[in-house]
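Chain letters run A, B, ... following the sequence lines, proteins first, then strands; residues in each count from 1.
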Number of protein chains: 2
Amino acid sequence: MAASGKTIERLSVYRRLLSMRTFSEEDYVYSHELARMVSGTAAQVRRDLMAIGVTGHSKRGYRIGPLVEEIGTLLDDPEGTRIVLVGAGDLGRAVLGFMKGRSSALTIVGAFDSDPAKAGRVVHGYRCRSMDEIEGVIAAERAQVAILATPADGAQEVCDRLVEAGVRGIVNFAPAPLIVPEAVWVERVDIATALEKVACLIRGVDETTM
Amino acid sequence: MAASGKTIERLSVYRRLLSMRTFSEEDYVYSHELARMVSGTAAQVRRDLMAIGVTGHSKRGYRIGPLVEEIGTLLDDPEGTRIVLVGAGDLGRAVLGFMKGRSSALTIVGAFDSDPAKAGRVVHGYRCRSMDEIEGVIAAERAQVAILATPADGAQEVCDRLVEAGVRGIVNFAPAPLIVPEAVWVERVDIATALEKVACLIRGVDETTM
DNA sequence: TGTGTGTTGTGACTTCTTTCACAAAAAGGT
DNA sequence: ACCTTTTTGTGAAAGAAGTCACAACACACA
C-alpha cells in the first residue's frame, strides 16, 4: 500500500478524468484508456492501481465506481482537509475559482490578504479577511493546509506564521523558496520555471531527455 | 552538456534566486548555499552545474556572474521566446502579472479570450484580443509557446488550433489532458492535483515517500 | 614553507520510477 | 468443449535521479 508522490499525482488525475464523465454502476475502463488520457503507458497505470490495491478484471478492465472510491480513500482525509488561502491577488482569486463548487474533501475555510483595503471584499463567494485573523482562523477551523499566493517578498514571513499556527502542508505559488521544519510539506508550483522549462525544451537543447 | 528536465527546473530556480539579490563582479556562491535555497543537497547542486559545464573554485565556490550567464545560455533562446496567452480569466491575469517587467528572454506577444466581451480590454498592460486573431498573431510574431489558461472544456480545441498555427510548447493550466503531436511539448501545471497531493501527504499515508 | 580547513569534481553506489514481457484469466465464437 | 483474442498482474530488467565519500585543490595563517 505504498504510493509514491508521482503515483499520487497520477491517481488524482485519473479520478478527475473519470469523475468528469458520467458512468453507471457497471462501467469499466481499461488501463490503456486511462493511459491515453494521461499520455502514459498502460503498464504504468496498472502499477499505479496496484499500489492502492485496486484489482481489475481480465478482458473487462477496472470497474470505475470502486476505482474512484478507492482513490478517494487514499487521497481524501475522511475528516476533510481545511485550507486557508493567503494572497487575494489574481492568483488567489484563480485558486478560489477553481475550488468553488468542487468536491467536499477540500474546503477553503478562510482567505486572507495583507492589504487592508482588500479585507471584507468578497471574492468568488469567499470573504477576504485581514491577516490579523489568520492564526485564530487556523486554530478554530483546525486548518491543515495553506495556499500561499503572495508575492515573493514576505512569503517566508507568512510561511513562518502559518507553520507556527499549525499548518502542516503548503502549496507555494510564490516564486520564492520556503524554509520550513521537516514536519511540514511544501509543494511548489512555479509558473516562471514551467515557462522557462518549456521555452528551453522546445529548442533542441537536449532532444533525448524529458 | 546533457541537462534533464529536473536539472533545467532547478537551474531556473538557481538563476532566479541569484538574480534577486544584487551581486558584484567578484561575488561567489557555494554549492551548499544554493542547496539550502532550494532545500536540496550540495552534491545535487554541483551535479546540476556540472551538467552545464560550469566549473567552480575550490574553497571559494562558483562565481555568480558567469554562472548566471551560463544558465542563460542554456535556458534562453538567443532569438527570444515569444508567447501567446489564451484565457484572460483570473489565472491568465495572474500570469500576465508575473510576466510584467521580467527579463526579455520571454515575451508575451498576445493575450486572447474566447469571450468577445473581454476583447479590447487591457490587462496588466496587455490588450486582450479575440480568438479570431490568434492564428494571425502566432504566425506574424512567430510565437513558439502558448500558455493555456482556459477552463477544461474547450481546452483541447484551443490546443489543436495552437498546434496547427505552429506553437511547439504549451504550458497547460487547464485541468484537462491535452493530446498533441509528438513534436509538441506540454508542461502541465495542475493546481487541483498539487492541493490533493499535499492534503494526502500530510496525513501519514506513506511517511517514507516523497 | 608547512599544516589545517573547507570546497569542488566525480566515480561508485543506492534508491526510485518506468518499461518489458509473459503467465494466467476470462470472454466470445464455433 | 476448445481455440482465439484481449486484458490483467507482476517478476525482472532497465533507466533516471539522487546521495555518498573521498581525492584534489586552494586559501589562511603561522
To the nearest angstrom, how far is [X] atom [atom1] from [N] atom [atom2]?
X        : N       : atom1 : atom2 : result
Tyr28(A) : dA26(C) : OH    : C1'   : 12 Å
Ile52(A) : dT8(D)  : CD1   : P     : 15 Å
Leu49(B) : dG18(D) : CG    : P     : 14 Å
Ile8(B)  : dA17(D) : CD1   : C1'   : 14 Å
Met50(A) : dT19(C) : CE    : P     : 14 Å
Asp48(A) : dT19(C) : CG    : P     : 11 Å
Glu9(A)  : dT17(C) : CD    : C1'   : 13 Å
His57(A) : dG28(C) : NE2   : C1'   : 15 Å

Donor/acceptor link under 3.5 angstrom from [X] side chain onto base of [N]:
X        : N       : value
Arg46(B) : dG11(C) : no
Lys59(B) : dT5(C)  : yes
Arg47(A) : dT19(C) : yes

May I ask you to decide if Gly169(B)'s main-chain N or O and Glu187(B)'s side chain share a donor-acceptor pair within less than 3.5 Å?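 A pair under 3.5 Å: no.
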
Looking at [N], I'd like to know if its phosphate oxygens (OP1 or OP2) sit under 4.0 Å from a side-chain N or O belonging to [X].
X        : N       : answer
Thr41(B) : dT19(D) : yes
Tyr62(A) : dG9(D)  : yes
Ser4(A)  : dT17(C) : yes
Ser58(B) : dC27(D) : no
His32(B) : dT8(C)  : no
Arg60(B) : dT8(C)  : no

So, for [X] and [Y], which heavy atoms are closest and what is the spacing to 0.1 Å?
X         : Y         : result
Val167(A) : Ala146(A) : CG1-N, 3.8 Å
Val86(B)  : Ile134(B) : CG2-CD1, 3.6 Å
Ser12(A)  : Thr193(B) : OG-OG1, 3.0 Å

Shortest side-chain distance from [X], nucleotide among [options]:
X        : options                   : answer
Tyr30(B) : dG9(D), dT7(C), dT19(C)   : dT7(C)
Gln44(A) : dA21(C), dA27(C), dT18(C) : dT18(C)
Ser31(A) : dG18(D), dT18(C), dT8(D)  : dT8(D)
Ala43(B) : dA17(D), dA27(C), dC20(D) : dC20(D)
Thr55(B) : dT18(C), dG9(D), dG9(C)   : dG9(C)

If you look at every strand shown and take non-hydrogen atoms under 4.0 Å, does Thr7(B) touch a base, only sugar-phosphate, or nothing?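 No contact.
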
For Gly40(A), report the nucleic acid contact type (base, sugar-phosphate, nothing); a contact means any heavy atom under 4.0 Å.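 Contact class for Gly40(A): none.
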
Given Arg15(B) and Asp76(B), is the salt bridge (Lys or Arg N to Asp or Glu O under 4.0 Å) satisfied, shown in steps? CA-CA 12 Å; Arg15(B) 178 169 68 167; Asp76(B) 300 336; 2.8 Å; yes

So does Glu164(B) have more than 12 non-hydrogen atoms from other groups sitting under 6.0 Å from CD?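 No, not enclosed.
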
